[in-house]
Amino acid sequence: MIRKAMHFYTVLATLLVLSIGHCAIASEVDLQSIAEQYVAGGHTPGIVIGVGQTDGSMTFYSAGTLEAGGDVMVDEDTIFEIGSVSKVFTTLLLAQMASENMLNVQDPIENHLPDSIFVPSRDGEPITFEHLATHTSGLPMMPSNFQPANPENPYADYTTSDMHEFLAEYEICNDPGDSGKYSNIGMGLLGHALEERADSDYETLITSRICEPLGMDSTVTKPGMDMDSRVALAHKGMTPSSQWDIPGLAGAGDINSSARDMLIFAMANTGNIKTPLHEDMITCHESRVPVNASPHHYGLGWAIESGPESTVVYHNGATGGFKSSLGFRKETGDCIVVLANSDKADTNGIMSRHLYRQQKSQNEKITSDSPFKQYVGTYSTPPFNSFLNINIKGERLLLQFPEKKPILMTESRRDEFHSGSNDYRIYFKRKNGVVNALDIHHDGKVTQYKMRDVHYPPESVNVSPSSLKRYVGDYKLHGGKTIFQINRNGNKIRGKLGPQKAYLFTACSEKRFFAPTVIAQISFLTDEFGNVYAMVLHQNGRNTLYTK
(Lines give C-alpha, C1' and ligand atoms only; values in the text may rest on other atoms or scores of the structure.)
Protein backbone atom coordinates (compact mmCIF):
# COMPACT_ATOMS: atom_id res chain seq x y z
CA MET A 1 0.00 0.00 0.00
CA ILE A 2 1.20 3.54 -0.73
CA ARG A 3 1.90 5.31 2.56
CA LYS A 4 3.20 8.72 1.47
CA ALA A 5 0.87 11.73 1.58
CA MET A 6 -0.33 12.58 -1.90
CA HIS A 7 -1.21 15.99 -3.31
CA PHE A 8 -3.69 15.89 -6.18
CA TYR A 9 -4.22 18.56 -8.76
CA THR A 10 -7.87 19.24 -9.52
CA VAL A 11 -8.64 17.88 -12.95
CA LEU A 12 -11.92 18.31 -14.77
CA ALA A 13 -11.27 15.18 -16.75
CA THR A 14 -12.99 14.47 -20.02
CA LEU A 15 -14.11 11.14 -18.60
CA LEU A 16 -14.48 12.15 -14.95
CA VAL A 17 -16.30 15.12 -13.50
CA LEU A 18 -16.43 15.01 -9.73
CA SER A 19 -18.89 17.75 -8.89
CA ILE A 20 -20.67 20.15 -11.20
CA GLY A 21 -24.02 21.63 -10.15
CA HIS A 22 -26.53 22.93 -12.70
CA CYS A 23 -29.93 22.63 -10.99
CA ALA A 24 -31.34 23.06 -7.53
CA ILE A 25 -32.63 19.79 -6.16
CA ALA A 26 -35.68 19.34 -3.94
CA SER A 27 -34.97 19.16 -0.20
CA GLU A 28 -36.71 15.82 0.11
CA VAL A 29 -35.43 12.99 -2.02
CA ASP A 30 -38.32 12.81 -4.48
CA LEU A 31 -36.27 11.21 -7.22
CA GLN A 32 -39.12 10.87 -9.69
CA SER A 33 -39.80 14.61 -9.49
CA ILE A 34 -36.09 15.32 -9.84
CA ALA A 35 -35.90 13.18 -12.99
CA GLU A 36 -38.93 14.92 -14.49
CA GLN A 37 -37.57 18.38 -13.61
CA TYR A 38 -34.26 17.63 -15.29
CA VAL A 39 -36.00 16.70 -18.52
CA ALA A 40 -38.55 19.53 -18.35
CA GLY A 41 -35.73 22.00 -17.68
CA GLY A 42 -33.88 21.01 -20.83
CA HIS A 43 -30.85 19.57 -19.03
CA THR A 44 -31.08 16.16 -20.69
CA PRO A 45 -33.39 14.31 -23.10
CA GLY A 46 -33.55 11.32 -20.75
CA ILE A 47 -32.45 10.25 -17.28
CA VAL A 48 -32.72 7.10 -15.19
CA ILE A 49 -32.10 6.84 -11.44
CA GLY A 50 -31.80 3.55 -9.59
CA VAL A 51 -31.78 3.16 -5.80
CA GLY A 52 -30.83 0.02 -3.91
CA GLN A 53 -31.89 -0.81 -0.37
CA THR A 54 -30.19 -2.95 2.23
CA ASP A 55 -32.81 -5.70 1.82
CA GLY A 56 -31.73 -6.19 -1.80
CA SER A 57 -34.74 -4.42 -3.32
CA MET A 58 -34.39 -1.98 -6.22
CA THR A 59 -36.43 1.07 -7.22
CA PHE A 60 -36.09 2.94 -10.50
CA TYR A 61 -37.16 6.44 -11.53
CA SER A 62 -37.00 7.66 -15.11
CA ALA A 63 -38.09 10.49 -17.38
CA GLY A 64 -37.52 11.50 -20.98
CA THR A 65 -36.58 9.75 -24.18
CA LEU A 66 -33.75 7.98 -25.97
CA GLU A 67 -33.22 11.07 -28.11
CA ALA A 68 -34.29 14.70 -28.04
CA GLY A 69 -37.69 15.05 -29.67
CA GLY A 70 -38.17 11.29 -29.78
CA ASP A 71 -41.03 9.23 -28.40
CA VAL A 72 -39.27 6.12 -27.04
CA MET A 73 -39.02 6.53 -23.28
CA VAL A 74 -35.91 5.61 -21.29
CA ASP A 75 -36.13 3.07 -18.46
CA GLU A 76 -33.92 0.89 -16.27
CA ASP A 77 -32.92 -1.24 -19.26
CA THR A 78 -31.89 1.66 -21.49
CA ILE A 79 -28.19 1.51 -22.34
CA PHE A 80 -25.97 4.56 -21.70
CA GLU A 81 -22.25 5.24 -21.99
CA ILE A 82 -20.88 5.27 -18.43
CA GLY A 83 -17.49 6.88 -19.22
CA SER A 84 -15.06 6.84 -16.32
CA VAL A 85 -17.25 4.68 -14.14
CA SER A 86 -15.61 1.99 -16.30
CA LYS A 87 -12.46 2.54 -14.23
CA VAL A 88 -13.90 0.75 -11.20
CA PHE A 89 -14.52 -2.30 -13.40
CA THR A 90 -10.88 -2.17 -14.47
CA THR A 91 -9.62 -1.97 -10.89
CA LEU A 92 -11.94 -4.80 -9.84
CA LEU A 93 -10.29 -6.95 -12.52
CA LEU A 94 -6.96 -5.99 -10.92
CA ALA A 95 -8.16 -7.02 -7.45
CA GLN A 96 -9.49 -10.32 -8.79
CA MET A 97 -6.25 -11.24 -10.52
CA ALA A 98 -4.29 -10.29 -7.41
CA SER A 99 -6.45 -12.52 -5.21
CA GLU A 100 -5.86 -15.37 -7.68
CA ASN A 101 -2.09 -14.79 -7.41
CA MET A 102 -1.84 -13.93 -11.09
CA LEU A 103 -0.07 -10.73 -10.00
CA ASN A 104 0.56 -8.49 -7.01
CA VAL A 105 -0.74 -4.91 -6.97
CA GLN A 106 2.80 -3.74 -6.06
CA ASP A 107 4.29 -5.53 -9.09
CA PRO A 108 5.93 -3.32 -11.73
CA ILE A 109 3.60 -3.53 -14.72
CA GLU A 110 6.56 -4.04 -17.05
CA ASN A 111 6.92 -7.51 -15.48
CA HIS A 112 3.57 -8.46 -17.01
CA LEU A 113 3.97 -6.89 -20.44
CA PRO A 114 5.86 -8.13 -23.49
CA ASP A 115 9.51 -7.06 -23.65
CA SER A 116 8.70 -4.99 -26.75
CA ILE A 117 6.59 -2.58 -24.65
CA PHE A 118 8.69 0.05 -22.86
CA VAL A 119 7.31 1.51 -19.61
CA PRO A 120 8.95 4.68 -18.24
CA SER A 121 10.38 4.84 -14.73
CA ARG A 122 12.19 7.47 -12.69
CA ASP A 123 15.42 6.99 -10.76
CA GLY A 124 14.90 3.27 -10.82
CA GLU A 125 11.37 3.50 -9.37
CA PRO A 126 9.02 1.50 -11.65
CA ILE A 127 5.31 2.10 -12.23
CA THR A 128 3.25 -0.53 -10.41
CA PHE A 129 -0.33 -1.71 -10.82
CA GLU A 130 -1.25 0.19 -7.67
CA HIS A 131 0.23 3.42 -9.03
CA LEU A 132 -1.99 3.14 -12.11
CA ALA A 133 -5.09 2.24 -10.08
CA THR A 134 -4.66 5.22 -7.72
CA HIS A 135 -3.56 7.82 -10.33
CA THR A 136 -0.09 8.14 -8.81
CA SER A 137 1.97 6.76 -11.70
CA GLY A 138 3.38 10.11 -12.82
CA LEU A 139 1.72 9.70 -16.21
CA PRO A 140 -0.25 12.70 -17.54
CA MET A 141 -3.97 13.09 -17.96
CA MET A 142 -3.77 12.34 -21.68
CA PRO A 143 -0.97 11.08 -23.96
CA SER A 144 0.89 13.71 -25.96
CA ASN A 145 0.26 11.83 -29.23
CA PHE A 146 -3.52 12.00 -28.80
CA GLN A 147 -4.59 13.74 -32.01
CA PRO A 148 -8.12 12.65 -32.91
CA ALA A 149 -9.14 12.60 -36.54
CA ASN A 150 -12.77 13.12 -35.48
CA PRO A 151 -13.24 15.43 -32.46
CA GLU A 152 -16.82 14.21 -32.12
CA ASN A 153 -15.53 10.67 -31.47
CA PRO A 154 -12.03 11.53 -30.28
CA TYR A 155 -10.79 8.17 -28.96
CA ALA A 156 -11.94 6.08 -31.92
CA ASP A 157 -8.59 6.08 -33.74
CA TYR A 158 -6.30 5.92 -30.69
CA THR A 159 -4.82 2.40 -30.63
CA THR A 160 -2.71 0.36 -28.24
CA SER A 161 0.18 0.86 -30.70
CA ASP A 162 -0.22 4.61 -30.20
CA MET A 163 -0.05 4.00 -26.47
CA HIS A 164 3.17 2.01 -26.86
CA GLU A 165 4.71 4.83 -28.89
CA PHE A 166 3.76 7.38 -26.25
CA LEU A 167 5.22 5.28 -23.41
CA ALA A 168 8.49 4.81 -25.31
CA GLU A 169 9.03 8.58 -25.52
CA TYR A 170 7.50 9.91 -22.29
CA GLU A 171 9.65 10.93 -19.30
CA ILE A 172 7.76 11.06 -16.02
CA CYS A 173 8.53 14.13 -13.90
CA ASN A 174 7.78 12.67 -10.45
CA ASP A 175 8.74 9.43 -8.78
CA PRO A 176 5.83 6.98 -9.10
CA GLY A 177 3.85 7.09 -5.87
CA ASP A 178 5.05 10.56 -4.83
CA SER A 179 2.27 12.67 -6.32
CA GLY A 180 -1.09 12.22 -7.94
CA LYS A 181 -2.63 13.35 -11.19
CA TYR A 182 -5.82 11.95 -12.63
CA SER A 183 -4.75 9.96 -15.69
CA ASN A 184 -6.83 8.43 -18.45
CA ILE A 185 -3.70 7.11 -20.16
CA GLY A 186 -2.69 5.50 -16.86
CA MET A 187 -6.00 3.69 -16.43
CA GLY A 188 -5.97 2.73 -20.12
CA LEU A 189 -2.51 1.25 -19.58
CA LEU A 190 -3.77 -0.67 -16.55
CA GLY A 191 -6.56 -2.23 -18.61
CA HIS A 192 -4.07 -3.09 -21.36
CA ALA A 193 -1.65 -4.69 -18.88
CA LEU A 194 -4.47 -6.83 -17.47
CA GLU A 195 -5.39 -7.91 -21.01
CA GLU A 196 -1.80 -8.97 -21.62
CA ARG A 197 -1.56 -10.80 -18.29
CA ALA A 198 -4.82 -12.69 -18.85
CA ASP A 199 -4.22 -13.14 -22.59
CA SER A 200 -7.71 -11.84 -23.28
CA ASP A 201 -9.42 -8.69 -24.56
CA TYR A 202 -11.00 -6.16 -22.19
CA GLU A 203 -14.64 -6.90 -23.02
CA THR A 204 -14.15 -10.63 -22.53
CA LEU A 205 -12.55 -9.96 -19.16
CA ILE A 206 -15.37 -7.79 -17.82
CA THR A 207 -18.00 -10.11 -19.28
CA SER A 208 -16.57 -13.37 -17.94
CA ARG A 209 -15.23 -12.10 -14.62
CA ILE A 210 -17.84 -9.48 -13.61
CA CYS A 211 -20.99 -9.33 -15.74
CA GLU A 212 -21.81 -13.03 -16.08
CA PRO A 213 -21.31 -13.83 -12.37
CA LEU A 214 -23.55 -10.87 -11.49
CA GLY A 215 -26.17 -11.45 -14.17
CA MET A 216 -25.44 -8.14 -15.91
CA ASP A 217 -26.46 -8.86 -19.49
CA SER A 218 -26.65 -5.23 -20.69
CA THR A 219 -23.04 -4.27 -19.96
CA VAL A 220 -20.67 -4.25 -22.96
CA THR A 221 -18.04 -2.09 -24.59
CA LYS A 222 -20.06 -1.78 -27.79
CA PRO A 223 -23.81 -2.55 -27.85
CA GLY A 224 -24.77 -5.21 -30.38
CA MET A 225 -27.48 -4.89 -33.00
CA ASP A 226 -29.89 -6.75 -30.73
CA MET A 227 -29.62 -3.84 -28.27
CA ASP A 228 -30.22 -1.02 -30.79
CA SER A 229 -33.80 -0.42 -29.74
CA ARG A 230 -32.79 0.48 -26.18
CA VAL A 231 -29.57 2.43 -26.73
CA ALA A 232 -29.78 6.10 -25.66
CA LEU A 233 -28.28 8.58 -28.12
CA ALA A 234 -25.61 11.11 -27.14
CA HIS A 235 -26.35 14.83 -26.70
CA LYS A 236 -24.45 18.02 -25.97
CA GLY A 237 -27.12 19.68 -23.94
CA MET A 238 -30.17 18.87 -26.03
CA THR A 239 -28.30 18.77 -29.36
CA PRO A 240 -27.55 15.32 -30.82
CA SER A 241 -23.85 14.40 -30.82
CA SER A 242 -21.71 11.33 -31.46
CA GLN A 243 -21.38 8.16 -29.37
CA TRP A 244 -17.80 7.46 -28.28
CA ASP A 245 -15.60 4.45 -29.04
CA ILE A 246 -12.52 3.99 -26.82
CA PRO A 247 -10.77 0.82 -28.03
CA GLY A 248 -7.16 1.78 -27.25
CA LEU A 249 -7.90 3.04 -23.72
CA ALA A 250 -10.82 0.74 -22.96
CA GLY A 251 -9.97 0.46 -19.26
CA ALA A 252 -10.41 4.22 -18.86
CA GLY A 253 -13.99 4.53 -20.09
CA ASP A 254 -15.29 2.25 -22.85
CA ILE A 255 -18.21 0.54 -21.07
CA ASN A 256 -21.91 0.92 -21.90
CA SER A 257 -24.50 -0.25 -19.39
CA SER A 258 -28.04 0.12 -18.05
CA ALA A 259 -29.27 1.45 -14.73
CA ARG A 260 -30.44 -2.05 -13.78
CA ASP A 261 -27.00 -3.56 -14.39
CA MET A 262 -25.20 -0.70 -12.66
CA LEU A 263 -27.43 -0.98 -9.61
CA ILE A 264 -26.70 -4.71 -9.45
CA PHE A 265 -23.00 -3.83 -9.55
CA ALA A 266 -23.44 -1.23 -6.79
CA MET A 267 -25.39 -3.61 -4.56
CA ALA A 268 -22.79 -6.32 -5.07
CA ASN A 269 -20.20 -3.79 -3.86
CA THR A 270 -22.22 -3.03 -0.71
CA GLY A 271 -22.98 -6.70 -0.05
CA ASN A 272 -26.75 -6.16 -0.38
CA ILE A 273 -26.50 -8.79 -3.11
CA LYS A 274 -24.31 -11.72 -2.03
CA THR A 275 -21.76 -12.67 -4.68
CA PRO A 276 -18.31 -14.32 -4.81
CA LEU A 277 -16.92 -10.95 -6.02
CA HIS A 278 -17.57 -9.12 -2.74
CA GLU A 279 -14.19 -9.66 -1.07
CA ASP A 280 -12.33 -8.36 -4.13
CA MET A 281 -14.71 -5.41 -4.25
CA ILE A 282 -13.95 -4.61 -0.60
CA THR A 283 -10.25 -4.52 -1.47
CA CYS A 284 -10.98 -1.76 -3.97
CA HIS A 285 -12.79 0.35 -1.33
CA GLU A 286 -9.79 0.62 0.99
CA SER A 287 -8.43 4.19 1.25
CA ARG A 288 -4.91 4.29 -0.16
CA VAL A 289 -4.13 7.84 -1.28
CA PRO A 290 -5.28 11.11 0.39
CA VAL A 291 -6.33 13.95 -1.92
CA ASN A 292 -5.05 17.34 -0.65
CA ALA A 293 -6.54 18.49 2.66
CA SER A 294 -10.08 17.40 1.75
CA PRO A 295 -11.99 14.35 3.01
CA HIS A 296 -11.34 12.67 -0.36
CA HIS A 297 -9.17 9.60 -0.83
CA TYR A 298 -8.59 7.17 -3.66
CA GLY A 299 -8.95 3.44 -3.29
CA LEU A 300 -8.33 1.17 -6.25
CA GLY A 301 -10.20 3.30 -8.77
CA TRP A 302 -12.91 4.49 -6.36
CA ALA A 303 -13.12 7.97 -4.86
CA ILE A 304 -13.78 7.83 -1.12
CA GLU A 305 -15.14 10.55 1.20
CA SER A 306 -14.95 9.93 4.93
CA GLY A 307 -17.40 11.93 7.04
CA PRO A 308 -18.40 12.07 10.72
CA GLU A 309 -21.23 9.53 10.34
CA SER A 310 -20.29 7.45 7.31
CA THR A 311 -18.06 6.93 4.31
CA VAL A 312 -19.30 7.52 0.77
CA VAL A 313 -17.63 5.55 -2.06
CA TYR A 314 -18.33 6.72 -5.60
CA HIS A 315 -17.21 7.38 -9.16
CA ASN A 316 -18.54 9.67 -11.87
CA GLY A 317 -18.18 9.58 -15.61
CA ALA A 318 -18.73 11.75 -18.67
CA THR A 319 -18.27 11.26 -22.37
CA GLY A 320 -19.11 13.72 -25.13
CA GLY A 321 -22.84 13.11 -24.77
CA PHE A 322 -23.45 11.28 -21.48
CA LYS A 323 -23.09 11.69 -17.72
CA SER A 324 -23.06 8.94 -15.10
CA SER A 325 -22.68 8.59 -11.33
CA LEU A 326 -22.51 5.57 -9.06
CA GLY A 327 -22.12 5.68 -5.28
CA PHE A 328 -22.95 4.07 -1.96
CA ARG A 329 -22.62 4.57 1.75
CA LYS A 330 -20.19 2.04 3.12
CA GLU A 331 -21.76 1.55 6.56
CA THR A 332 -25.42 1.29 5.57
CA GLY A 333 -25.29 -0.08 2.03
CA ASP A 334 -27.56 2.65 0.60
CA CYS A 335 -26.63 3.01 -3.07
CA ILE A 336 -27.65 4.94 -6.16
CA VAL A 337 -26.90 5.09 -9.88
CA VAL A 338 -27.77 8.03 -12.15
CA LEU A 339 -27.45 7.84 -15.96
CA ALA A 340 -28.29 10.60 -18.45
CA ASN A 341 -27.84 11.07 -22.20
CA SER A 342 -26.51 14.63 -22.07
CA ASP A 343 -23.17 16.17 -21.13
CA LYS A 344 -25.04 18.86 -19.15
CA ALA A 345 -26.85 16.65 -16.64
CA ASP A 346 -25.67 16.93 -13.03
CA THR A 347 -25.76 13.24 -12.20
CA ASN A 348 -23.24 13.73 -9.40
CA GLY A 349 -25.45 16.32 -7.71
CA ILE A 350 -28.39 13.92 -7.66
CA MET A 351 -26.22 11.09 -6.34
CA SER A 352 -24.62 13.22 -3.63
CA ARG A 353 -27.90 14.75 -2.49
CA HIS A 354 -29.54 11.33 -2.15
CA LEU A 355 -26.67 9.77 -0.21
CA TYR A 356 -26.34 12.83 2.01
CA ARG A 357 -30.07 12.96 2.74
CA GLN A 358 -29.99 9.29 3.67
CA GLN A 359 -27.20 10.12 6.09
CA LYS A 360 -28.83 13.25 7.43
CA SER A 361 -32.11 11.53 8.24
CA GLN A 362 -30.25 9.65 10.98
CA ASN A 363 -28.60 12.75 12.43
CA GLU A 364 -30.60 14.04 15.39
CA LYS A 365 -28.76 17.37 15.49
CA ILE A 366 -30.18 18.52 12.15
CA THR A 367 -33.76 19.77 12.32
CA SER A 368 -36.24 19.07 9.57
CA ASP A 369 -37.50 22.64 9.27
CA SER A 370 -34.16 24.21 8.29
CA PRO A 371 -31.34 21.74 7.60
CA PHE A 372 -28.87 24.45 6.59
CA LYS A 373 -29.39 26.93 9.44
CA GLN A 374 -26.49 25.36 11.34
CA TYR A 375 -24.10 26.85 8.76
CA VAL A 376 -25.47 30.41 8.76
CA GLY A 377 -23.25 33.10 10.21
CA THR A 378 -20.22 35.31 9.81
CA TYR A 379 -16.81 33.69 9.42
CA SER A 380 -13.49 35.53 9.60
CA THR A 381 -9.83 34.82 9.03
CA PRO A 382 -7.50 35.30 12.01
CA PRO A 383 -6.85 37.97 13.16
CA PHE A 384 -10.30 38.99 11.88
CA ASN A 385 -9.00 41.12 9.01
CA SER A 386 -11.37 39.65 6.41
CA PHE A 387 -14.72 37.94 6.59
CA LEU A 388 -17.55 36.28 4.70
CA ASN A 389 -21.19 35.53 5.42
CA ILE A 390 -23.14 32.32 4.91
CA ASN A 391 -26.90 32.53 4.44
CA ILE A 392 -29.65 30.30 3.04
CA LYS A 393 -31.37 30.78 -0.30
CA GLY A 394 -33.94 28.12 -1.11
CA GLU A 395 -32.23 24.75 -1.15
CA ARG A 396 -28.71 26.16 -1.32
CA LEU A 397 -26.31 28.24 0.72
CA LEU A 398 -25.35 31.77 -0.25
CA LEU A 399 -21.64 32.57 0.07
CA GLN A 400 -21.20 36.34 0.39
CA PHE A 401 -17.82 38.04 0.31
CA PRO A 402 -17.85 41.78 1.14
CA GLU A 403 -19.03 43.95 -1.77
CA LYS A 404 -18.97 41.04 -4.21
CA LYS A 405 -21.68 39.17 -6.05
CA PRO A 406 -23.17 36.36 -3.90
CA ILE A 407 -22.25 32.79 -4.86
CA LEU A 408 -24.82 29.99 -4.69
CA MET A 409 -23.40 26.82 -3.14
CA THR A 410 -24.93 23.38 -3.76
CA GLU A 411 -24.76 20.65 -1.14
CA SER A 412 -22.52 17.71 -2.08
CA ARG A 413 -22.75 15.85 1.21
CA ARG A 414 -22.84 16.65 4.91
CA ASP A 415 -20.67 19.71 5.64
CA GLU A 416 -19.55 20.05 2.01
CA PHE A 417 -20.85 22.45 -0.64
CA HIS A 418 -19.67 23.44 -4.12
CA SER A 419 -20.46 26.29 -6.50
CA GLY A 420 -22.10 25.59 -9.85
CA SER A 421 -18.87 26.19 -11.78
CA ASN A 422 -16.88 24.22 -9.20
CA ASP A 423 -14.69 27.29 -8.59
CA TYR A 424 -15.42 27.23 -4.87
CA ARG A 425 -15.75 24.33 -2.48
CA ILE A 426 -16.62 24.75 1.22
CA TYR A 427 -15.81 22.23 3.94
CA PHE A 428 -17.47 23.07 7.28
CA LYS A 429 -15.76 22.00 10.49
CA ARG A 430 -17.28 21.09 13.82
CA LYS A 431 -16.38 21.15 17.49
CA ASN A 432 -18.44 18.90 19.76
CA GLY A 433 -20.83 18.40 16.85
CA VAL A 434 -21.43 22.14 16.27
CA VAL A 435 -20.24 24.01 13.17
CA ASN A 436 -17.48 26.42 14.24
CA ALA A 437 -15.29 26.96 11.16
CA LEU A 438 -14.92 26.36 7.45
CA ASP A 439 -12.25 25.91 4.79
CA ILE A 440 -12.69 27.41 1.33
CA HIS A 441 -10.89 25.74 -1.58
CA HIS A 442 -10.47 28.09 -4.54
CA ASP A 443 -7.85 28.45 -7.28
CA GLY A 444 -5.72 25.74 -5.70
CA LYS A 445 -5.62 27.55 -2.34
CA VAL A 446 -7.22 26.74 1.00
CA THR A 447 -8.34 29.60 3.29
CA GLN A 448 -9.49 28.96 6.84
CA TYR A 449 -12.30 30.93 8.49
CA LYS A 450 -13.70 30.74 12.03
CA MET A 451 -17.32 31.47 12.90
CA ARG A 452 -17.93 34.66 14.91
CA ASP A 453 -20.48 35.04 17.68
CA VAL A 454 -22.20 37.99 15.97
CA HIS A 455 -23.39 38.55 12.43
CA TYR A 456 -21.31 41.06 10.45
CA PRO A 457 -21.82 43.55 8.97
CA PRO A 458 -24.59 45.15 11.07
CA GLU A 459 -27.60 46.88 9.54
CA SER A 460 -26.80 50.26 7.97
CA VAL A 461 -28.63 53.50 8.77
CA ASN A 462 -28.73 56.97 7.25
CA VAL A 463 -26.80 59.79 8.94
CA SER A 464 -27.32 63.48 8.11
CA PRO A 465 -24.70 65.27 5.99
CA SER A 466 -24.10 67.72 8.84
CA SER A 467 -23.19 64.87 11.21
CA LEU A 468 -20.85 63.34 8.64
CA LYS A 469 -19.15 66.70 8.13
CA ARG A 470 -18.32 67.12 11.82
CA TYR A 471 -16.47 63.78 11.91
CA VAL A 472 -13.97 64.89 9.25
CA GLY A 473 -10.46 65.52 10.50
CA ASP A 474 -7.19 64.02 11.72
CA TYR A 475 -7.16 61.84 14.83
CA LYS A 476 -3.91 61.07 16.64
CA LEU A 477 -3.20 57.80 18.45
CA HIS A 478 -3.39 58.50 22.17
CA GLY A 479 0.18 58.66 23.45
CA GLY A 480 1.63 58.19 19.95
CA LYS A 481 2.14 59.87 16.57
CA THR A 482 0.03 57.70 14.24
CA ILE A 483 -2.69 59.66 12.43
CA PHE A 484 -6.12 58.30 11.48
CA GLN A 485 -7.60 60.51 8.75
CA ILE A 486 -11.36 60.78 8.34
CA ASN A 487 -12.91 62.27 5.20
CA ARG A 488 -16.46 62.34 3.90
CA ASN A 489 -17.34 60.22 0.86
CA GLY A 490 -20.96 60.78 -0.16
CA ASN A 491 -23.18 59.27 2.53
CA LYS A 492 -20.21 57.40 4.01
CA ILE A 493 -16.87 58.30 5.55
CA ARG A 494 -13.44 57.22 4.44
CA GLY A 495 -10.89 56.22 7.08
CA LYS A 496 -7.14 55.91 6.55
CA LEU A 497 -4.69 54.81 9.24
CA GLY A 498 -1.19 56.18 8.60
CA PRO A 499 0.23 54.81 5.32
CA GLN A 500 -2.28 51.95 5.19
CA LYS A 501 -5.03 51.51 2.63
CA ALA A 502 -8.13 53.69 3.05
CA TYR A 503 -11.48 52.02 3.77
CA LEU A 504 -15.06 53.18 3.39
CA PHE A 505 -17.16 53.09 6.56
CA THR A 506 -20.97 52.91 6.61
CA ALA A 507 -23.10 54.15 9.51
CA CYS A 508 -24.81 51.59 11.75
CA SER A 509 -25.85 54.31 14.26
CA GLU A 510 -25.49 58.07 14.53
CA LYS A 511 -21.97 57.82 15.95
CA ARG A 512 -20.81 54.33 14.95
CA PHE A 513 -19.60 53.15 11.52
CA PHE A 514 -18.46 49.83 10.09
CA ALA A 515 -16.16 48.90 7.20
CA PRO A 516 -18.11 46.65 4.79
CA THR A 517 -14.92 44.93 3.53
CA VAL A 518 -13.16 44.15 6.83
CA ILE A 519 -14.26 43.45 10.38
CA ALA A 520 -13.57 46.88 11.81
CA GLN A 521 -15.72 49.62 13.31
CA ILE A 522 -15.12 53.16 14.48
CA SER A 523 -17.17 55.21 16.93
CA PHE A 524 -16.98 58.93 17.65
CA LEU A 525 -17.01 60.58 21.08
CA THR A 526 -18.66 63.95 21.67
CA ASP A 527 -18.82 66.36 24.59
CA GLU A 528 -21.96 67.80 26.15
CA PHE A 529 -22.14 70.39 23.37
CA GLY A 530 -21.99 67.79 20.56
CA ASN A 531 -18.40 68.55 19.60
CA VAL A 532 -16.37 65.57 18.34
CA TYR A 533 -13.16 65.21 20.35
CA ALA A 534 -12.09 61.60 19.81
CA MET A 535 -12.57 58.39 17.82
CA VAL A 536 -12.26 54.73 18.86
CA LEU A 537 -11.14 52.00 16.44
CA HIS A 538 -12.78 48.66 17.26
CA GLN A 539 -10.84 45.80 15.64
CA ASN A 540 -9.35 42.41 16.56
CA GLY A 541 -11.06 42.55 19.96
CA ARG A 542 -9.30 45.81 20.88
CA ASN A 543 -10.57 49.38 21.31
CA THR A 544 -7.94 51.96 20.36
CA LEU A 545 -8.44 55.66 21.19
CA TYR A 546 -7.51 58.45 18.75
CA THR A 547 -7.97 62.10 19.78
CA LYS A 548 -8.91 64.90 17.40
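Not measured: the values here are computed from a predicted model. Only heavy atoms go into these numbers, but all of them, side chains included; no hydrogens, no water, no symmetry mates. Here, residue 1 is the first one in the sequence, and each next residue gets the next number.
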Is any NZ, NE, NH1 or NH2 atom of the basic residue among [X] and [Y] found under 4.0 Å from an Asp or Glu carboxylate oxygen of the other?
| X | Y | value |
| --- | --- | --- |
| D343 | K323 | no |
| E416 | R414 | no |
| R430 | D415 | yes |

Any side-chain to backbone donor/acceptor pair from [X] onto [Y]? Under 3.5 Å, distance only.
| X | Y | value |
| --- | --- | --- |
| N272 | G333 | yes |
| N269 | F265 | yes |
| H441 | R425 | no |
| H354 | M351 | no |
| S342 | H43 | yes |
| S86 | G83 | yes |
| T44 | I47 | no |
| Q32 | E36 | no |
| T347 | L339 | no |
| E331 | T311 | yes |

What I'd like to find out is whether the side chain of [X] reaches to under 4.5 Å of the side chain of [Y], using heavy atoms alone.
| X | Y | value |
| --- | --- | --- |
| S324 | F80 | no |
| L525 | L545 | yes |
| L139 | P176 | no |
| S33 | Y61 | no |
| I185 | L249 | yes |
| K181 | H135 | no |
| I440 | V446 | no |
| T91 | M187 | yes |

Atom pair [atom1]/[atom2] of [X] and [Y] - distance to nearest 0.5 Å:
| X | Y | atom1 | atom2 | answer |
| --- | --- | --- | --- | --- |
| R122 | I172 | CZ | CD1 | 7.0 Å |
| Y475 | M535 | OH | CE | 7.5 Å |
| I426 | L438 | CD1 | CG | 6.0 Å |
| M281 | L92 | CE | CG | 5.0 Å |
| T128 | H131 | OG1 | NE2 | 4.0 Å |
| L399 | S419 | CG | OG | 8.5 Å |

Less than 3.5 Å apart, any donor N or O on the side chain of [X] or [Y] sitting next to an acceptor on the other?
| X | Y | answer |
| --- | --- | --- |
| T410 | H418 | no |
| N316 | S325 | yes |
| E81 | T319 | yes |
| E305 | Y314 | yes |
| Y182 | K87 | yes |

N389 and L398: side-chain contact (heavy atoms from CB on, under 4.5 Å), yes or no, with the steps? CA-CA 8 Å; N389 285 314; L398 201 64; over 6 Å; no
Non-hydrogen atoms of [X] and [Y] that approach each other most closely:
| X | Y | answer |
| --- | --- | --- |
| I49 | A35 | CD1-CB, 4.2 Å |
| P120 | Y170 | CB-O, 3.4 Å |
| S352 | S412 | CB-O, 2.6 Å |
| G52 | M267 | CA-SD, 3.8 Å |
| I304 | G299 | CD1-N, 3.6 Å |
| G495 | I486 | CA-CD1, 3.9 Å |

Validation row, ring centre F417 to ring centre F372 under 6.0 Å: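 Centroid distance F417-F372: below 6.0 Å, so yes.
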Aromatic ring proximity H315/Y298, centre distance under 6.0 Å: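 Centroid distance H315-Y298: not below 6.0 Å, so no.
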Hits for ring pair (Phe, Tyr, Trp, His ring centres under 6.0 Å) against F513, two or more places apart or cross-chain, chain-then-number order -> Y471, F524
With H442, which residues qualify under ring pair (Phe, Tyr, Trp, His ring centres under 6.0 Å), at least two apart?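 Listed in chain order: Y424.
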Is there a side-chain contact (heavy atoms from CB on, under 4.5 Å) between V376 and I392 once you walk through the steps? CA-CA 7 Å; V376 172; I392 299 173; 3.6 Å; yes
Working for salt bridge (charged side-chain N to carboxylate O under 4.0 Å, His left out), residues D474 and K548: CA-CA 6 Å; D474 290 345; K548 193 171 183 181; over 6 Å; no
Taking only distance into account, with no hydrogens and no angle test, what donor-acceptor pairs under 3.5 Å do side-chain atoms of residues 497-512 form with protein atoms, sequence neighbours excluded?
residue : atom : partner : partner atom : Å
S509    : OG   : R512    : N            : 3.2
E510    : OE2  : S467    : OG           : 2.6
K511    : NZ   : T526    : OG1          : 2.7
R512    : NE   : Q521    : OE1          : 2.6
R512    : NH1  : H538    : NE2          : 3.3

Greater than 12 external heavy atoms within 6.0 Å of K393's NZ: no
More than 12 heavy atoms of other residues, nucleotides or ligands under 6.0 Å from NZ of K476: is that the case?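 No - once you tally the heavy atoms of other residues, nucleotides and ligands closer than 6.0 Å, there are 12 at most.
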Between T381 and Q448, is the side-chain contact (heavy atoms from CB on, under 4.5 Å) condition met? List the steps. CA-CA 6 Å; T381 59; Q448 298 178 336; over 6 Å; no
Evaluate the criterion side-chain contact (heavy atoms from CB on, under 4.5 Å) for residue pair N487 and I493; output intermediate values, then yes/no. CA-CA 6 Å; N487 292 294; I493 61 175; over 6 Å; no
